[in-house]
Amino acid sequence: IQRLILFLFLNFGALALGGIFAGQGAVSDWYEALNKAPWTPPGWVFGFAWTTIMICYSLFMTLAWEKITNRKKFVLLFVIQWILNVGWNPSFFYLHEVLFGLIIISSLTFLIAYTSLAIKNPQGNRLLPAPLFDLVVYRYIAQWLHLGHELETLVHILKSILLNLK
């Protein structure tokens, strides 16, 4: 139980730290104004989703810690995901860097996929954090949709500038 408390503390600490630099986050005017997919939930759902993600990931880390053989690699992967989790909120919500946010969330998605496939218990069974992976993939897809809108807006602006130059 001590290890679970440690991972909960570290994971929710990453969330809190990222949230400090996220401004109003998913309830901001900027986020509300983004062209989102019709299935995108309201901004307040982010809190519930992230709570679920962090609980699932903490449980995964706790169970995996007892079963893995290469703890150095495990800790390294955890540290990298921690940094990515801290960095995503301010990159996307505060700085409004959609492309950089996409790079971060892509890296996080691939890291979680790699971790779920690479980390095995001594019997060789994979330890797949499926609910966590599903939620992060959802966020990844949503990020791509935001980027698509941003690129479309940028192309429109560039066309307007070029037309005005003639």
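Position 1 is the first residue of the sequence, and the numbers go up from there. Everything numeric here is computed off the predicted structure, so don't read it as measured data.
The shortest heavy-atom contact between Met54 and Leu8 is O-CD2, 4.3 Å. Taking all atoms of both residues into account, the shortest heavy-atom contact from Pro90 to Gly18 is CD-O, 3.6 Å. Taking both residues in full, the closest heavy atoms of Leu17 and Trp82 are given as CD2-CH2, 3.9 Å, listed atom of the first, atom of the second, then distance.
To the nearest 0.5 Å, the span separating CG on Leu99 from CD1 on Ile104 amounts to 10.0 Å. Here the straight-line distance linking atom OG of Ser106 with atom CG of Leu111 works out to 12.0 Å at 0.5 Å rounding. To the nearest 0.5 angstrom, Ile103 atom CD1 is 14.0 Å from Trp88 atom CH2. Atom CG of Asn85 sits about 11.0 Å away from atom CZ of Phe12, to the nearest 0.5 Å. Distance CG/Leu77 to CG/Asn70: 9.0 Å, rounded to 0.5 Å.
Shown here are the side chain to side chain contact (heavy atoms under 4.5 Å, CB included) partners of Leu76, two or more places apart in sequence or in another chain: Ile80. Partners of Tyr94 according to the ring pair (Phe, Tyr, Trp, His ring centres under 6.0 Å) rule, which considers only residues two or more places apart in sequence or in another chain, do not exist here. A search for side chain to side chain donor-acceptor pair (under 3.5 Å) contacts involving Ser58 returns Asn11, not counting sequence neighbours. The side chain to side chain contact (heavy atoms under 4.5 Å, CB included) search around Leu59 returns Leu4, Ile55, not counting sequence neighbours.
Ile105 and Leu95 sit in two unconnected hydrophobic clusters of ILVMFWY residues. Membership requires side-chain heavy atoms under 4.5 Å apart, directly or through other members.
Between Gln81 and Leu108, some side-chain heavy-atom pair lies under the 4.5 Å cut-off. Annotation: side chain of Leu6 is not in contact with side chain of Met61 (no heavy-atom distance under 4.5 Å).
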| said: Using side-chain contact (heavy atoms from CB on, under 4.5 Å), reason through Arg71 and Ile68 one step at a time and then give a plain yes or no. | reply: CA-CA 7 Å; Arg71 289 195 174 157; Ile68 58 162; 3.6 Å; yes
| request: Take Trp30 and Phe93 through the side-chain contact (heavy atoms from CB on, under 4.5 Å) test and state the conclusion after the steps. | output: CA-CA 8 Å; Trp30 174 80; Phe93 288 117; 4.2 Å; yes
| request: Please report the C-alpha distance between Phe92 and Val98 in whole Å, then the side-chain angles of each, then the deciding distance to 0.1 Å, and finally whether the side-chain contact (heavy atoms from CB on, under 4.5 Å) criterion is met. | output: CA-CA 6 Å; Phe92 184 72; Val98 178; 4.1 Å; yes
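Between the side chain of Trp65 and the backbone N or O of Arg3 there is no donor-acceptor pair closer than 3.5 Å.
The ring of Phe60 has its center no closer than 6.0 angstrom to the ring center of Phe7.
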